[in-house]
*Asks:* 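Quick one: the structure is below, questions incoming.
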Amino acid sequence: MAESVAPEATPSHPDDFERYRPADIEPRWQQRWLDDKTYEVDNEEILQTDAEDIRFVLSMYPYPSGPAHIGHVRNYTFGDLLVRYHTMNGRKVLSPIGFDSFGLPAENAAIKSGEHPRPFTDARIEELSSSLRRIGAVYDWRRMVKSHDPSYIKWNQVIFLRLYEEGLIYRKNSPVNWCPGCQTVLANEQVVDGLCERSDDPVERRDMEQWFYRITDYAQELLDDLDGLEWPDRVKIMQRNWIGRSEGAEFGLPIADSDGNPRTDTPPLAVYTTRPDTSFGMTFAVMSPEHPRVDELTIPSQIDEVRAFQKDASGKSEIDRLSTVGSADKRGVFTGSYAINPVTGGSIPIYLADYVLTTYGTGAIMAVPGQDQRDWDFATAYGLDIVRTVQPPEGFDGEAFTGDGPAINSASDALDLNGMEVAEAKAAATDWIEAQGLGERRVNFRLRDWLLSRQRFWGCPIPIVYCDEHGAQPAPLSDLPIEAPDDVEFLPTGESPLNHHRGFLDTTCPVCGNPARRETDTMDTFVDSSWYFLRFADPWNDEAPINKAAVEKFLPVDQYIGGIEHAILHLMYARFFTKALADVGLSPSTIREPMKRLFTQGMVRMGGGKMSKSKGNTVAPEETVDAHGADALRLAILQVKPPAEDVDYEDFQLDGCERFLQRVWRLAIPGSDLTTNMRSGEPTPADIEIDKATHHLIARVTGEYERWSYNTAVAGFMEFTNALYKYVQASDGAHDETLDFAVNTLLELMAPAVPHISGELRERRDQSNIHLAHWPVADPAKLVVDTVTMIVQVNGKVRDRIDVPSEISEADAEALALSSEAVQGHLDGEPKKIIVRAPKLVNIVV
RNA sequence: GCCCGGGUGGCGGAAUGGCAGACGCGGCGGACUCAAAAUCCGCUGUCCGAAAGGGCGUGUGGGUUCGAAUCCCACCCCGGGCACCA
């Protein structure tokens, strides 16, 4: 064994060698990753690669709002770590980036400045791209997709026409949010507390012809396929709730004549219920104010009151209607007509009420106040009968009872449900309804068709032409892309300039060739984000929007990363598009779900509140990078909190992270003052311990990267670095090979997290590129532990800790535990029971 | 109202039925320095104790278990989603 040599004149001051200066090394590495094309993958190669060696890691493409904000940085750091980790594992990793570049902020800026949104948007994209490069995020930039790019517009329009051709898009009249001040329709997001976010005018409801996707055709599949996705449970739950499947029965209530007998001259009133078992408690029926049979069923003496009620309800904005929750007064009106409760044969009054929605079920309900609180409130306000049909438990002092219990008051000559529990009674009542020919079982969904029209300029034009004679006609493929013109004037009213641009509006009918007019509505920007991930597989394709062979190789996305705010809209639309595009043959039939695994990272807040430009509490990551370096910022993001949770920017420990990187630098830089006391030859027990710790760290960090436990992985780096500091400062010095392996491994494990410093140090140590296939593998033999600390408890309280061989027998462990002095002191009397879990624990019960 | 998630030191957090508080921040002390910064080393839940040691301790109350931050029941508080969906 080599003698340890006490070094002479050891430099004890870290300034004696080159210090870690992120600004000196980071730009060089960022340029190098571009030059070396390390993170580019070629399709020719991919088509020859097994699927298991391919990964598609995707962070939700950003809206280009300018330089990155700290939330972006958090999001893209997580994605970047995975891209680098999989690359180091020798996989082909698709890491594309794109920009969701259509949308309101750019249009609003244009309205303010009078300038076209395109140069504005292009400048913002440049800024955001630059900040992403500055935090060291790596992409295959050749694959960049931008929503406002003419080729993307073209394929978006091709997809629209195909879905239209297949009947998955239709046009219908629909109520929209109308701002009288701006003379335009607003998206729901633009309505804040019932007011227009721009002009503060109260928003009105207005009916307009709008385009819709038939997403409801896919309701059941969207629900069923959630089961196979590795997505956070809460996202799946939110989607399930949004789809809102309910099982019940739809049946008819015969309309009664003045004697209470069923009329034969008019059809029964169709109602939908999930509780057919409560039919004996149906004491009235309610139609929505907009129900098509209101006129027919209103008797002459009630007409004025009904008209007034309808007018009131229709004039009310969404907000007004919601604000009436709780007060049942003036929320309904009697039509004067009666229906017949088919199970009792009795007459029940038919009301209108605004708590019944036209768009759900049949737009009419059977009201059962005994078992439904809204019906209870209404019955109480209008003096209607209340009959309980489910026995509430003893001591129940609520109003409507919605729980389980035996049926009561539920028998007639025709049907007897009394005594049955809810589920049984439901089945019996539904069977009876079907047997009587009154109606049938029915599944309803809350999911509505997706309204895609926007009366906006800065979006993808809907490729439709209106002809006086032939109506709405698809634009010919040869016209695509139909782009918004450049020579437009933005009106201060906010109205889309397309409405007044003759060059854009005037066209000819594809059927008859006569003058026709282009659709001026554009597509919801969620359309753009519903298939961009499919385009990434082959963004160069000029034959079709989607290259099926490439998509089959890359998709589904192995890891999708984004904010929880997209849990419903974007993620539901993307799933719908994937299914619909497969069904119309534009995308491979084998890919029915776009994202296999989803991770939703938390928000970055400021002082407990959401960060926003208007609050002026944003943090510019660029300044943080200037002050501490990109690696310190990345490390602070990873260290501060589990990725799924919201985080306050104040909790970021930038100084601590930078200090840690300095420590690593000092340990790893060749010529460091810390590594002068080195020896070779046979390793000592201390060396062997360090070597084992290195292998344990490999196993630990690999597992933590796989399960998104980045904060504990950072703790692992720090613990190991602390251990190495002790090791190199020990009096007998460090073993050269052991330390070399330990430090190189540490750098490799850290490389996905802090790529610049890891790359720099490793290159200086042995001229190799750490970012290539270098992921270390733990030697199982070195993970074996020979001694463990056995916990000895008395009555569950820890009384002693004894180091024992890890293969200790139960008998030996027990004997050892009983002989411990510390334990003896706590044993008064004979042990009643001894639990032995060798080698970890012995618990003595007295 | 319904449905989720969460409550652990001064702070961010760790611990997937077996040593509560890893790691970091902050704080305290020491070394180095003329001094400071930087750096390195140590201590740091709380109460009693000079110490050895011991008591208490994961929102509250109960339960299961040899053993509970972890599982079960009830409640309180915080955050989020949906909100007349029959």
Side-chain angles (χ1 to χ4, degrees), chain A residues 12-15 19 232-238 240-242 244-246 248 271-275 278 286 321-322 324-326 328 331 353-357 359-368 371-375 377-378 402 444-448 564-565 567-568 602-603 608 635-636 639-642 644-648 650-657 659-660 662-663 666 673-674 709 711-722 725-726 729 789-801 822 825-826 831-837 840-846:
Chain A
S12 61
H13 204 273
D15 278 339
R19 299 250 311 170
D233 280 340
R234 76 174 163 145
V235 174
K236 293 205 227 179
I237 288 166
M238 282 161 74
R240 282 194 194 103
N241 291 342
W242 190 263
R245 185 183 197 273
S246 76
V271 295
Y272 173 74
T273 181
T274 54
R275 296 292 304 274
T278 63
V286 188
R321 238 164 121 155
L322 283 177
T324 58
V325 170
R331 300 196 54 197
D354 66 359
Y355 76 88
V356 175
L357 306 177
T359 47
Y360 186 78
T362 62
I365 60 159
M366 65 175 222
V368 187
Q371 269 70 233
D372 183 291
Q373 190 60 41
R374 293 156 303 175
D375 296 346
D377 293 339
F378 194 83
T402 54
N444 264 324
F445 295 95
R446 295 168 60 170
L447 184 69
R448 300 298 150 79
I564 187 72
E565 68 273 17
I568 296 172
M603 276 188 336
L635 195 69
Q639 184 236 21
V640 66
K641 232 177 179 184
E645 289 175 34
D646 289 352
V647 60
D648 278 327
E650 290 92 330
D651 293 330
F652 279 35
Q653 295 172 1
L654 288 157
D655 289 330
C657 287
R659 188 178 310 153
F660 167 71
Q662 289 284 6
R663 278 166 70 81
R666 187 176 164 202
D673 64 314
L674 284 173
S709 188
N711 53 334
T712 56
V714 173
F717 302 148
M718 291 175 169
E719 275 170 55
F720 189 65
T721 302
N722 291 344
Y725 262 67
K726 277 211 180 73
Q729 291 178 95
T789 303
M790 183 174 79
I791 305 306
V792 185
Q793 301 179 327
V794 178
N795 290 337
K797 278 194 197 307
V798 180
R799 294 303 176 187
D800 202 4
R801 300 175 176 87
H826 289 90
K832 256 192 251 165
K833 193 171 174 182
I834 300 177
I835 315 289
V836 183
R837 295 280 179 274
K840 283 173 73 176
L841 173 129
V842 174
N843 186 11
I844 302 161
V845 186
V846 293

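Just so it is clear, the model here is predicted, and its values are computed rather than measured.
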*Asks:* Under 3.5 Å for both donor-acceptor distances, Watson-Crick or wobble: does G79(B) have a partner, and if so which one?
*Replies:*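 Check on G79(B): paired to C4(B), both distances under 3.5 Å.
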*Asks:* Between C72(B) and G18(B), how far apart are the two P atoms, rounded to whole Å?
*Replies:* 15 Å
*Asks:* So, for Asn444(A) and Gly361(A), which heavy atoms are closest and what is the spacing to 0.1 Å?
*Replies:*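 Shortest heavy-atom contact: ND2-CA, 3.5 Å.
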*Asks:* Return the nucleotide paired to U58(B): Watson-Crick means purine N1 to pyrimidine N3 with N6-O4 or O6-N4, wobble means G-U with N1-O2 and O6-N3, both under 3.5 Å.
*Replies:*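 U58(B) is unpaired by these criteria.
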*Asks:* Write down the distance between CD (Gln639(A)) and P (G24(B)), rounded to a whole number of angstrom.
*Replies:*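 Gln639(A) atom CD is separated from G24(B) atom P by 9 Å.
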*Asks:* Establish, with yes or no, whether the OP1 or OP2 oxygen of C23(B) is under 4.0 angstrom from a side-chain nitrogen or oxygen of Asn711(A).
*Replies:*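 Asn711(A) to C23(B) OP1/OP2: no side-chain N or O under 4.0 Å.
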*Asks:* For Arg837(A) and Asn843(A), test the side chains for any donor-to-acceptor distance below 3.5 angstrom and give the result as yes or no.
*Replies:* no
*Asks:* What interatomic distance, in whole Å, is found between C1' of A74(B) and the corresponding atom of G24(B)?
*Replies:* 38 Å
*Asks:* Taking only the side-chain nitrogens and oxygens of Tyr725(A), find out if one of them lies under 4.0 Å from OP1 or OP2 of C41(B).
*Replies:* no
*Asks:* Closer than 4.0 Å, any side-chain N/O of Lys797(A) to the OP1 or OP2 of C56(B)?
*Replies:* yes
*Asks:* For Gly656(A), report the nucleic acid contact type (base, sugar-phosphate, nothing); a contact means any heavy atom under 4.0 Å.
*Replies:*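 Sugar-phosphate contact only.
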*Asks:* My understanding is that a pair needs two contacts under 3.5 Å, Watson-Crick or G-U wobble. By that rule, which nucleotide pairs with C43(B)?
*Replies:* G27(B)
*Asks:* For atom C1', what is the distance between U46(B) and U58(B), given to the nearest Å?
*Replies:*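 Each nucleotide's C1' atom is 13 Å from the other's.
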*Asks:* Categorize Lys726(A) for me: base, sugar-phosphate, or nothing, with a 4.0 angstrom heavy-atom threshold over every strand shown.
*Replies:*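 Sugar-phosphate contact only.
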*Asks:* Can you find a side chain N or O atom of Arg663(A) that sits less than 4.0 Å from OP1 or OP2 on C40(B)?
*Replies:* yes
*Asks:* Just to confirm, is there a sub-4.0 Å distance from OP1 or OP2 of G18(B) to any side-chain nitrogen or oxygen of Lys840(A)?
*Replies:*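 Negative; the distance criterion is not met.
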*Asks:* Under 4.0 Å from OP1 or OP2 of C40(B): is there any side-chain N or O of Gln729(A) that close?
*Replies:* no
*Asks:* Which pair of non-hydrogen atoms, one from Gln639(A) and one from Asn711(A), has the smallest distance, and what is that distance?
*Replies:*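 So the minimum-distance heavy-atom pair works out to O-CB, 3.5 Å.
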*Asks:* I'd like the P distance from A69(B) over to U16(B), given in whole Å.
*Replies:*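 Comparing P positions in U16(B) and A69(B) gives a spacing of 13 Å.
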*Asks:* Which base sits across from U33(B) as a Watson-Crick or G-U pair, both distances under 3.5 Å?
*Replies:*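 With both distances under 3.5 Å required, U33(B) matches none.
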*Asks:* Just to be sure I understand the rule, does Asn722(A) reach a base, reach only the sugar-phosphate, or reach nothing, if contact means heavy atoms closer than 4.0 Å?
*Replies:* sugar-phosphate
*Asks:* Does Lys236(A) NZ have over 12 foreign heavy atoms under 6.0 Å away?
*Replies:* yes
*Asks:* Please determine whether a side-chain nitrogen or oxygen atom of Arg659(A) lies at a distance below 4.0 Å from atom OP1 or OP2 of C25(B).
*Replies:*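 Looking at the OP1 and OP2 atoms of C25(B), one of them is under 4.0 Å from a side-chain N or O of Arg659(A).
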*Asks:* Could you work out the separation of C56(B) and G6(B) based on their P atoms and round it to a whole Å?
*Replies:*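 Their P atoms lie roughly 29 Å apart.
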*Asks:* How is Thr359(A) classified with respect to the nucleic acid when contacts are heavy atoms under 4.0 Å: base, sugar-phosphate, or nothing?
*Replies:*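 No contact.
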*Asks:* What's the gap between G9(B) and U60(B) when it is taken at their P atoms, as a whole Å value?
*Replies:*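 Each nucleotide's P atom is 10 Å from the other's.
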*Asks:* Taking atom C1' in both G67(B) and C78(B), compute the distance separating them and give it to the nearest angstrom.
*Replies:* 31 Å
*Asks:* Can you tell me if Asp646(A) uses its side chain to pair, donor with acceptor, with the backbone of Met603(A) under 3.5 Å?
*Replies:* yes
*Asks:* Looking at C19(B), I'd like to know if its phosphate oxygens (OP1 or OP2) sit under 4.0 Å from a side-chain N or O belonging to Thr789(A).
*Replies:*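 Negative; the distance criterion is not met.
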*Asks:* Would you say Asp372(A)'s side chain and Ala367(A)'s backbone share a donor-acceptor pair under 3.5 angstrom?
*Replies:*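 Absent.
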*Asks:* Base, sugar-phosphate, or nothing: which does Arg245(A) touch, judged by heavy atoms less than 4.0 Å apart?
*Replies:* nothing
*Asks:* Let me see the working for Asn722(A) and Arg663(A) under side chain to side chain donor-acceptor pair (under 3.5 Å), right down to the final yes or no.
*Replies:* CA-CA 9 Å; Asn722(A) 291 344; Arg663(A) 278 166 70 81; 2.9 Å; yes
*Asks:* How far does the C1' atom of C19(B) sit from the matching atom of A31(B), given to the nearest Å?
*Replies:*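 Taking atom C1' in both C19(B) and A31(B), they lie 33 Å apart.
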*Asks:* Who is the Watson-Crick or G-U wobble partner of G67(B), with both distances under 3.5 Å?
*Replies:*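 In the structure as shown, G67(B) has no Watson-Crick or wobble partner.
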*Asks:* To the nearest Å, how far apart are Asn241(A) CG and C84(B) P?
*Replies:* 14 Å
*Asks:* Identify whether any heavy atom of Arg234(A) sits under 4.0 Å from a base atom; if not, whether one sits that close to sugar-phosphate; answer base, sugar-phosphate or nothing.
*Replies:* sugar-phosphate
*Asks:* Test for a donor-acceptor pair under 3.5 Å between the base of G18(B) and the side chain of Gln793(A), counting only N and O atoms.
*Replies:*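 Pair found.
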